[in-house]
Amino acid sequence: MAVDLTLDVLTVAPALLGAHVRVHGVTLLLTEVEAYAGTDDPAAHAYRGWRPRTRHLFEPPGTLYCYRSYGIHICANVVCGPAGSGSAVLLRAGRVVDGLEFARSRRPGVPDARLARGPGCLGQALALTLDDSGRRFGQGGLELLPAAEPAVATVSGPRVGVSVAARRPWRFWLPGEPSVSAYRASPRLREITSVLGDPHAG
DNA sequence: GCTTTGATAGACT
DNA sequence: GTCTATCAAAGCA
């Protein structure tokens with residue numbers, strides 16, 4: 001049962017848990033994702049509309065959108081939702097199920113369970129670069145394979161490192177997976193929190 | 001032009 | 001638990 005990427009991002013995101021992503025010789029089972037609802041979502045890169053950097057977000061569902069974070073990391077998103085909505089699912093973490101040798105060589109000294117723990121690590125394990133942004137799943141060796149069966153259970157919570165709309169529980173993960181990254185509030189949110197109180201409450 | 005800011009990760013106390 | 005390297009874009013003047 002393939003995931004219909006044209007559905008709402010909040011439907012697509014949890015449906016991608018357990019799915020496989022294959023690129024650059026490594027296959028990853030997705031264990032953690034976050035939903036970003038395009039121009040409706042203050043935390044999304046697409047919120048302020050089309051920009052040169054975010055152009056691939058506005059391409060058809062099934063497009064890969066990669067961006068550079070904090071100077072050194074490459075994070076990957078799957079564009080989804082209605083065409084042109086700018087919605088995407090951030091791939092935060094996964095478990096390497098094939099191509100372990102490649103992933104290990106790209107992240108020397110890292111235990112297998114942590115090869116793709118966190119969006120920056122995931123990009124590194126998959127050897128993603130900004131040149132991969134704009135590629136389409138299903139073409140040129142970039143594949144998105146649906147989960148063999150729907151996830152037994154999923155959990156949701158606030159998105160990591162997001163300083164706005166922090167109350168939207170749009171992070172989804174598979175409970176009990178060692179490859180799921182720990183929650184970290186945005187540095188900016190932490191400042192705000194210290195003054196206004198806990199934004200996770202309520 | 002110049003300043004601010006991250007959808008981070010790893011090192012450190 | 002806290003601190004920060006690092007750099008491309010965005011935002012502003």
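Naming convention: chains lettered A, B, ... in sequence-line order (proteins, then strands); numbering from 1 in each chain.
Following rounding to the nearest Å, A:Arg107 (CZ) and B:dT8 (P) show an atom-to-atom distance of 15 Å. Separating the CZ atom of A:Arg114 from the P atom of B:dT8 is a distance of 18 Å, rounded to the nearest angstrom. Nucleotide C:dA10 holds its P atom 16 Å from the OH atom of A:Tyr47, rounded to whole Å. Across the protein-nucleic acid pair, A:Gln124 atom CD and B:dA9 atom C1' stand 10 Å apart, rounded to whole Å. The nearest whole Å value for the distance from the CG atom in A:Leu90 to the C1' atom in B:dT8 is 11 Å. Counting to the nearest Å, the P atom of B:dA7 and the CD atom of A:Glu32 are 16 Å from each other. Spacing between atom CG of A:Leu91 and atom P of B:dT8 amounts to 14 Å, rounded to whole angstrom units.
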*Quick one: do A:Arg136 and A:Glu59 satisfy salt bridge (charged side-chain N to carboxylate O under 4.0 Å, His left out)? Show the steps, please.*
CA-CA 10 Å; A:Arg136 300 290 160 79; A:Glu59 291 179 8; 3.2 Å; yes
*asked:* Test salt bridge (charged side-chain N to carboxylate O under 4.0 Å, His left out) on A:Arg159 and A:Asp41; report intermediate values, then the result.
replied: CA-CA 12 Å; A:Arg159 294 174 289 189; A:Asp41 182 359; 2.7 Å; yes
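Across the interface with DNA chain C, nearest-nucleotide mapping of A:Leu130 and A:His73 shows A:His73 to be the residue nearer the 5′ end. Where A:Gly71 and A:Ser181 meet DNA chain B, the nucleotide closest to each residue was compared, and A:Gly71 sits on the side nearer the 5' end. Where A:Pro187 and A:Arg51 each meet DNA chain C at their nearest nucleotide, the meeting point lying more 5' is that of A:Pro187.
Taking 4.0 angstrom as the limit, A:Arg92 places a side-chain polar atom (N or O) nearer than this to OP1 or OP2 of B:dT8. Listed pair A:Arg68 / C:dA10 fails the phosphate criterion, with no side-chain N or O lying under 4.0 Å from OP1 or OP2.
Taking a 6.0 Å sphere around CZ of A:Arg22, one finds it holds more than 12 heavy atoms contributed by other residues, nucleotides or ligands.
In the hydrophobic cluster analysis, where Ile, Leu, Val, Met, Phe, Trp and Tyr join through side-chain heavy atoms closer than 4.5 angstrom, A:Phe58 is grouped together with A:Tyr67. Under the 4.5 Å side-chain heavy-atom criterion for grouping Ile, Leu, Val, Met, Phe, Trp and Tyr, A:Val110 is connected to A:Phe102 within one hydrophobic cluster.
Across C:dT6, B:dG10, B:dA7, the shortest atom-to-atom separation from the side chain of A:Ile72 is found for C:dT6. Checking B:dG10, B:dT5, B:dT8 against the side-chain heavy atoms of A:Arg188 singles out B:dT5 as nearest.
For A:Tyr67 and B:dA7, the ring-to-base geometry does not satisfy the stacking test (centroid distance below 5.5 Å, interplanar angle below 30°). Residue side chain A:Tyr70 fails the stacking definition with respect to C:dA5, as its ring centre and the base's six-membered ring centre are not both under 5.5 angstrom apart and under 30 degrees in plane angle.
A donor-acceptor contact under 3.5 Å is formed by the side chain of A:His45 with the base of B:dA7. The base of C:dG11 lies outside donor-acceptor range of the side chain of A:Arg53, with no N or O pair under 3.5 Å.
For the pair A:Arg135 and A:Tyr65, the cation-pi test (distance below 6.0 Å, angle within 45°) is failed.
Using modelled atom types, no side-chain atom of A:Arg104 and backbone atom of A:Glu101 make a donor-acceptor pair closer than 3.5 Å.
Looking at DNA chain B, the stems built from 3 or more consecutive Watson-Crick or G-U wobble pairs, each pair with its key distances under 3.5 Å, are B:1-6 with C:7-12, B:8-12 with C:1-5.
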